[in-house]
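Structure, as structure tokens:
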Amino acid sequence: MRHHPVRHVLTVLALVLGALFAPGVGALGGGEAHAAVTVTKISHSQATAMFREVGITWSSSGGCSDRNNPTCTSFDQLNLPTAQGAQTLKRASGCALNITGGTETGHAGGTYSHWNGYKLDFSPYTCVSNYITGNFTYIGVRSDGAKMWKSGSGNIYARESNHWDVLYYNCGGC
């Protein structure tokens, strides 16, 4: 069988361009389109081990981790890319990072919600706030009045009244 160098080059080019133009991936994937994909869910203990590994802390007004109690901070059923995204933020910013909300009930619903493992809430410490507003792109105001910034990987950081509400579509370049 004879190989066709032109066909090989075109095949490789098509694969590279496909990766670059895929939604949420590559140089042109700003995260505008997010296909429903199966994500790996992790347990509360797996998440806390990942957070401890990089020095992320967490707290809850109820001092608990029950997913069904809105005063707790739970990481049960958190998406793996969400936990990795928090690790990326910690490593990139070098700031203290404290999580105040995870997958527990009591947050707004929807596909990309806390309950479904896509969101975390962070304390609005000065260092992390300055990092977000200084390194990400301001994209306007959410329907509830929260100002929003978008990271280069497409994740959304919304500044609510007393915390950062972060939507992780991906791990932020982990």
Side-chain angles (χ1 to χ4, degrees), residues 23-25 28-34 36 39 42 44 47-48 50-67 69-174:
V25 178
L28 300 178
E32 289 78 13
H34 300 283
V39 293
I42 61 175
H44 183 81
T48 57
M50 291 176 71
F51 298 149
R52 275 191 199 97
E53 179 184 311
V54 295
I56 296 172
T57 59
W58 58 94
S59 56
S60 74
S61 58
C64 50
S65 62
D66 180 354
R67 180 168 157 84
N69 181 338
T71 66
C72 297
T73 298
S74 174
F75 306 123
D76 189 38
Q77 295 298 304
L78 189 67
N79 295 340
L80 177 59
T82 302
Q84 292 169 323
Q87 288 180 311
T88 299
L89 178 62
K90 170 66 176 163
R91 287 180 178 125
S93 70
C95 298
L97 200 57
N98 182 65
I99 302 171
T100 61
T103 60
E104 65 280 349
T105 190
H107 298 279
T111 301
Y112 299 107
S113 64
H114 281 273
W115 183 261
N116 288 336
Y118 288 92
K119 286 185 162 194
L120 290 172
D121 290 340
F122 297 107
S123 296
Y125 298 150
T126 301
C127 180
V128 75
S129 294
N130 288 343
Y131 180 83
I132 292 166
T133 60
N135 290 280
F136 301 154
T137 303
Y138 178 73
I139 58 171
V141 179
R142 200 166 64 181
S143 61
D144 64 356
K147 292 181 179 179
M148 298 182 295
W149 284 261
K150 187 177 191 178
S151 70
S153 61
N155 297 321
I156 307 294
Y157 293 72
R159 183 59 169 89
E160 295 187 7
S161 63
N162 62 354
H163 64 272
W164 284 99
D165 177 71
V166 183
L167 169 55
Y168 286 103
Y169 292 113
N170 59 65
C171 69
C174 62

Pairs touching residues 78-87 that satisfy salt bridge (charged side-chain N to carboxylate O under 4.0 Å, His left out), sequence neighbours left out: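 The answer is none; no pair qualifies.
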Do any pairs count as a salt bridge (charged side-chain N to carboxylate O under 4.0 Å, His left out) and have a residue in residues 114-141, sequence neighbours left out, and if so which ones?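 Output for this query lists Lys119-Asp165.
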Side-chain contact test, heavy atoms from C-beta onward, threshold under 4.5 Å: evaluate it for Leu78 versus Leu120 and give yes or no.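 They are in contact (side-chain heavy atoms under 4.5 Å apart), so the answer is yes.
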Among residues two or more places apart or on two chains, list those pairs meeting disulfide (SG to SG under 2.5 Å) that have a residue in residues 130-174.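 Every pair satisfying disulfide (SG to SG under 2.5 Å) with a residue in residues 130-174: Cys171-Cys174.
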Name each donor-acceptor pair under 3.5 Å that joins a side chain in residues 98-106 to protein atoms two or more places apart or in another chain, with its distance.
residue : atom : partner : partner atom : Å
Asn98   : OD1  : Thr57   : OG1          : 2.8
Asn98   : OD1  : Trp58   : N            : 3.3
Asn98   : ND2  : Ser59   : OG           : 3.0
Asn98   : ND2  : Ser123  : OG           : 3.0
Thr103  : OG1  : Arg67   : NH1          : 3.3
Thr103  : OG1  : Ser74   : O            : 3.2
Thr103  : OG1  : Asp76   : N            : 3.4
Thr103  : OG1  : Asp76   : O            : 2.6
Glu104  : OE1  : Ser74   : N            : 2.9
Glu104  : OE1  : Gly102  : N            : 2.9
Glu104  : OE2  : Gly102  : N            : 3.0
Glu104  : OE2  : His107  : NE2          : 2.8

Could you pull out all residues at least two apart from Tyr118 that satisfy ring pair (Phe, Tyr, Trp, His ring centres under 6.0 Å)?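 For Tyr118 the ring pair (Phe, Tyr, Trp, His ring centres under 6.0 Å) partners, ignoring immediate neighbours, are Tyr112.
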Listed once per pair and sorted, the ring pair (Phe, Tyr, Trp, His ring centres under 6.0 Å) pairs that draw on residues 85-104, sequence neighbours left out: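 Qualifying pairs: none.
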All side chain to side chain contact (heavy atoms under 4.5 Å, CB included) counterparts of Asp144, not counting sequence neighbours: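 Counting only residues at least two positions away or on another chain, Asp144 forms a side chain to side chain contact (heavy atoms under 4.5 Å, CB included) with Arg142, Ala146, Glu160.
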Mind checking what makes side chain to side chain contact (heavy atoms under 4.5 Å, CB included) contact with Cys127, not counting sequence neighbours?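 Listed in chain order: Cys95.
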Using 0.5 Å steps for rounding, measure from the CZ atom of Phe122 to the OG atom of Ser93.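 The CZ atom of Phe122 sits 9.5 Å away from the OG atom of Ser93.
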Could you grab the distance from atom CG of Leu97 to atom CD of Gln87, nearest 0.5 Å is fine?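 That separation rounds to 10.5 Å.
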Worked check of side chain to side chain contact (heavy atoms under 4.5 Å, CB included) between Lys150 and Tyr157: CA-CA 6 Å; Lys150 187 177 191 178; Tyr157 293 72; over 6 Å; no
Using the test side-chain hydrogen bond (donor to acceptor under 3.5 Å, both in side chains), find all partners of Thr71 that sit at least two apart in sequence or belong to another chain.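 In terms of side-chain hydrogen bond (donor to acceptor under 3.5 Å, both in side chains), with neighbours along the sequence ignored, Thr71 is linked to Asn69.
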Hey, can you pull the donor-acceptor pairs under 3.5 Å for the side chains in residues 131-140, sequence neighbours left out?
residue : atom : partner : partner atom : Å
Thr133  : OG1  : Ser129  : O            : 2.9
Asn135  : ND2  : Tyr131  : O            : 2.9

Ser113 versus Ala108, closest heavy-atom pair with distance: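 Distance-wise, the nearest heavy atoms are CB-O, 3.6 Å.
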